[in-house]
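Remember, it's a predicted structure, so these values are computed and weren't measured experimentally.
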Amino acid sequence: MTDRSQKPHLTREHVLDLLAQMIRIRRFEDKCAELYTEQKIRGFLHLYDGEEAIAAGIIPLLQSEDRIVATYREHGHALVRGLPMKTVMAEMYGKMEGCSGGRGGSMHLFSAAANFYGGNAIVGGGLPLAAGLALADKMRGDEQVTVCFFGEGAVAEGEFHESLNLASLWHLPVLFVCENNRYAMGTALERSEAVIDIHRKAESYGLISELVDGMDVVAVEAAARRALETIREVGEPYFLECQTYRFRAHSMFDAQLYRSKEEVEEWRRKGPILRFQSWLLENGIVHAGDIDRIVAETDAEIVEAVAFAENGSWEPLESLARHVVAPVRPASPPRVEPAAETVETTYREAVKMAIEEALDRDSRTFLMGEDVGQYGGCYAVSKGLLQKYGPDRIRDTPLSESGFTGAGIGAAIAGMRPIVEVMTVNFSMLALDQILNTAATFRHMSNGQFGVPIVIRMATGAGRQLAAQHSHSLEGWYAHIPGLRVLTPATIEDARGMLWTALEDPDPVLIFENVMLYNRSGPLAVNAGPVDISSAAVRRQGRDVSLITYGGSLFKTLDAAAELERAGISAEVIDLRSLRPLDEQTILASVSKTRRALIVDEGWRSGSISAEIGMRIAEKCFYELDAPLARVCSEEVPIPYAKHLEEAAIPQVDKIVSAVRTLMGKA
């Protein structure tokens, strides 16, 4: 076991290196503050002034394979990790030569080469990501450690508690470092937390935890050595609360009206650089000339970095859309003629088959989510899989949507292929931060250095009398977000085959499974395999009107088309299958042929995907239309519990038929 009394060996070379690291951070950031006042650096600028001992005391102890997740105050972490100062400065300018290609800026510094997984502008947002990176390493048997830096403001966020619980529950190799600078933004810790001993909160989750003076670089390094050796020896997470103080404002926008100048000056007298430098001089370990040399070398490096940034290139407007999604995607699976031999199955069993096949095909794939294991899934999709594959690959999670979804994202970034099941679409709102701010943006912010090949499945839709909070159809909301792929399998073939293709996609894929389809049964060809996830499908040919729909409304729309046929109206039915990206070509080809369009969408009318589709038709097919565009959506009410009201609230066959007859002038 680790000797917890171990301390750094303070050779002259070592102390000079510690001092140089801190001075380098301080003077770089002083220059950044100056450049900010000159409006050469814009946006938010959060400086690390006063906290340098933490980065300098911890990061040099890491191995090159270890991973770092930082905060929006991450310039110091990046510099100590070895990101070239000139590329960091160029990123502050927003230049192409920046470490994130100018796409991240001050709050989002990335380096795949340095295993630096970026700053994160969302308070606490990096904690689940760190848990997921460590989860990937643990599942593969790798020996890396992930270090996650965050401020004390994150302690109030649910992601803090969810991530610490997951790390302890799953014995993840994470070092959590709380840089407690006493003010989250403008609110003192004592005013925001009932319990201000943050390391005690970590202990409540079973983590090894200790408090360290974050203004003492030697104490920080000693604690970090203990922590890292313990993690590597016993494979358990560790928590350090480093008590420090930021001398500057929260950001350069901050007038600092919440604390006195006297308080700041008092803390400056205890600052980590002044404190360490004075001790070294007093004890004759270093001399004034040593310090002058460090400052001169640092200033020369800063001059070079500023010149590099000033002379850098602005990305051309033509590449605005670069790195939203991967530039190269796997080829669509070849079309295979369905075999004559079929098996009778259900949509539910088809999804289960797809998961089993994925687990058998790729050792990197695992399923995680609430009650997916012992319980067998809320909708019984994963029943029996725990017994077949074990708890490592069928991973029950706590009720912590943001935490486990973020962990899945981190595992995907680290090279795994997770299938994350969010029990119902309304629960996904609790994970929206991770889906929107991390999964959808990571590739773009990192300038293509990191992708997020994750699949997130969730049940959606109404019809089971689950009332307003469990009957949402929010897939159209997610289709609004660049960087995601949004799938809505309606048929048994798609339920079986979309997952295969989605798991090969280099970008995050969301699959929405309508609750009313799980029990639907039908034949499935015995040779059914992966299916294309880029194209809409014409499920019924027609001449007079195009009915455009997806998911749970497909079969209602097909039934409506059959009824219309008996009335002499030939309706073509388009199954969108993918809401992002939309297959415009198939939609527009159908509307150009029939010259009329009705969109059937279980989402609410206002701001719906039907509005988006209608506008695209209007933009590109307006002069080919013989009638106004029309749609059938859910009523603008929360979904009621009573069966007759629920049915009245969502699209039904009679509503579709009536809308088409009106469109055809046959009401």
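- Judged by distance alone, the side chain of Arg364 and the main-chain N or O of Arg417 form no donor-acceptor pair under 3.5 Å.
- Summarising the local packing, NZ of Lys655 is surrounded by more than 12 heavy atoms from other residues, nucleotides or ligands at distances under 6.0 Å.
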Begin from the C-alpha positions of Asp575 and Arg539 and carry the test salt bridge (charged side-chain N to carboxylate O under 4.0 Å, His left out) through to its verdict. CA-CA 6 Å; Asp575 177 6; Arg539 300 297 186 190; 3.0 Å; yes
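- Aromatic ring centres of Phe366 and Tyr389: separated by at least 6.0 Å.
- In this structure a side-chain-to-backbone donor-acceptor pair under 3.5 Å is missing from Ser553 to Thr549.
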Go through the steps to decide whether Arg322 and Glu315 satisfy the test salt bridge (charged side-chain N to carboxylate O under 4.0 Å, His left out), and finish with yes or no. CA-CA 10 Å; Arg322 194 163 61 101; Glu315 183 160 355; 3.2 Å; yes
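- Side-chain polar atoms of Arg103 and His444 form a donor-acceptor pair below 3.5 angstrom.
- Atom NZ of Lys620 has 12 or fewer neighbouring heavy atoms from other residues, nucleotides or ligands inside a 6.0 Å radius.
- Atom CD1 of Ile574 sits about 11.0 Å away from atom OG1 of Thr557, to the nearest 0.5 Å.
- A donor-acceptor pair shorter than 3.5 Å can be found between the side chains of Arg631 and Ser610.
- Between the side chains of Ser590 and Glu572, at least one donor N or O lies within less than 3.5 Å of an accepting N or O.
- Note that CE of Met107 is 9.5 Å distant from CG of Asn120, once rounded to the nearest 0.5 Å.
- Although no hydrogens or angles enter the test, the distance criterion places no donor-acceptor pair under 3.5 Å between the side chain of Glu157 and the main chain of Ala154.
- Residues Asp601 and Tyr550 have side chains that bring a donor and an acceptor to within less than 3.5 angstrom of each other.
- A donor-acceptor contact closer than 3.5 angstrom is absent between the side chains of Tyr347 and Asp494.
- A distance-only check finds a donor-acceptor pair linking the side chain of Ser100 to the backbone of His108 [under 3.5 Å].
- Using a 3.5 Å distance cut-off with no hydrogens or angles, the side chains of Glu602 and Ser634 do not pair a donor with an acceptor.
- The shortest non-hydrogen separation linking Asp583 to Ala536 is OD2-N, 2.8 Å.
- Using modelled atom types, no side-chain atom of Trp500 and backbone atom of Gly529 make a donor-acceptor pair closer than 3.5 Å.
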Determine, step by step, whether Thr405 and Ile456 satisfy the side chain to side chain contact (heavy atoms under 4.5 Å, CB included) criterion, reporting the C-alpha distance in whole Å, the side-chain angles of both residues, the deciding distance to 0.1 Å, and the verdict. CA-CA 8 Å; Thr405 301; Ile456 303 174; 4.0 Å; yes
Would you check, one step at a time, whether the test side chain to side chain contact (heavy atoms under 4.5 Å, CB included) holds for Arg395 with Met139? CA-CA 11 Å; Arg395 191 172 285 268; Met139 291 183 70; 3.8 Å; yes
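- Using a distance-only test at 3.5 Å, with no hydrogens or angles considered, a donor-acceptor pair links the side chain of Ser608 to the main chain of Ala611.
- Side-chain N/O atoms of Glu421 and Ser382 include no donor and acceptor closer than 3.5 Å.
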Give the intermediate values and the outcome of side chain to side chain contact (heavy atoms under 4.5 Å, CB included) for residues Thr365 and Met416. CA-CA 6 Å; Thr365 300; Met416 300 297 280; over 6 Å; no
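- Separation of atoms NZ (Lys593) and CZ (Arg543) is listed at 9.5 Å; rounding is to 0.5 Å.
- A side-chain donor-acceptor contact under 3.5 Å links Arg596 to the backbone of Asp544.
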Take Gln434 and Glu401, measure what side chain to side chain donor-acceptor pair (under 3.5 Å) needs, and give me the verdict at the end. CA-CA 9 Å; Gln434 289 295 322; Glu401 288 81 5; over 6 Å; no
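- Applying the 6.0 Å contact sphere to CD of Gln469 captures no more than 12 heavy atoms from other residues, nucleotides or ligands.
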Report the C-alpha distance between His470 and Asn426 in whole Å, list the side-chain angles of each, state the deciding distance to 0.1 Å, and finish with yes or no for side chain to side chain contact (heavy atoms under 4.5 Å, CB included). CA-CA 6 Å; His470 274 304; Asn426 53 306; 3.4 Å; yes
Report the C-alpha distance between Glu475 and Thr460 in whole Å, list the side-chain angles of each, state the deciding distance to 0.1 Å, and finish with yes or no for side chain to side chain donor-acceptor pair (under 3.5 Å). CA-CA 8 Å; Glu475 49 275 7; Thr460 186; 2.7 Å; yes
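- Checking side-chain atoms of Arg577 against main-chain N and O of Asp532 turns up a donor-acceptor pair under 3.5 Å.
- Side-chain N/O atoms of Tyr641 and Glu646 include no donor and acceptor closer than 3.5 Å.
- Side chains of Glu159 and Ser402: a donor on one and an acceptor on the other come within 3.5 Å.
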Take Glu636 and Arg605 through the test salt bridge (charged side-chain N to carboxylate O under 4.0 Å, His left out) and record every step on the way to the result. CA-CA 7 Å; Glu636 302 277 301; Arg605 177 183 297 261; 5.5 Å; no
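- A pairwise comparison of heavy atoms in Asp396 and Trp170 identifies O-CZ2, 3.6 Å as the closest pair.
- Across all their heavy atoms, Phe512 and Val425 have their closest contact at CE2-CG2, 3.8 Å.
- Smallest separation of non-hydrogen atoms from Glu337 and Asn527: O-ND2, 3.0 Å.
- Taken from CD1 in Ile122 to OG1 in Thr438, the straight-line distance is 7.5 Å, to the nearest 0.5 Å.
- Ring geometry, Phe450 versus Phe110: the interplanar angle falls from 30° to 60°, so the pair is classed tilted.
- Atoms NE2 and CD, on His644 and Gln465 in that order, are 10.0 Å from each other to the nearest 0.5 Å.
- Here the straight-line distance linking atom CG of Leu645 with atom CD of Glu635 works out to 11.5 Å at 0.5 Å rounding.
- In this structure, Met664 and Val545 approach most closely via the heavy-atom pair SD-CB, 4.5 Å.
- In this structure, Arg443 pairs ionically with Asp507, as a charged nitrogen and a carboxylate oxygen lie closer than 4.0 Å.
- A salt bridge is absent between Lys352 and Glu356: the closest approach of a Lys/Arg side-chain nitrogen to an acidic carboxylate oxygen does not fall below 4.0 angstrom.
- In this model, a donor atom of one side chain and an acceptor atom of the other lie less than 3.5 Å apart for Ser546 and Thr594.
- Between the side chain of Arg520 and the backbone N or O of Ala490 there is no donor-acceptor pair closer than 3.5 Å.
- Within 6.0 Å of atom CD in Gln585, 12 or fewer heavy atoms from other residues, nucleotides or ligands are found, so the atom counts as exposed in its surroundings.
- Between the side chain of Thr397 and the backbone N or O of Gly369 there is at least one donor-acceptor pair closer than 3.5 Å.
- Looking at heavy atoms from C-beta onward, Glu565 lies in side-chain contact with Arg540 at the 4.5 angstrom threshold.
- Checking Leu499, Ile454, Leu359 one by one against Ile419, the side-chain contact (heavy atoms from CB on, under 4.5 Å) holds for a single residue, Leu499.
- Looking at Leu133, Leu129, Leu127 one by one, the single match for side-chain contact (heavy atoms from CB on, under 4.5 Å) with Cys148 turns out to be Leu127.
- Across every non-hydrogen atom of Ala440 and Leu436, the tightest pair is CB-O, 3.5 Å.
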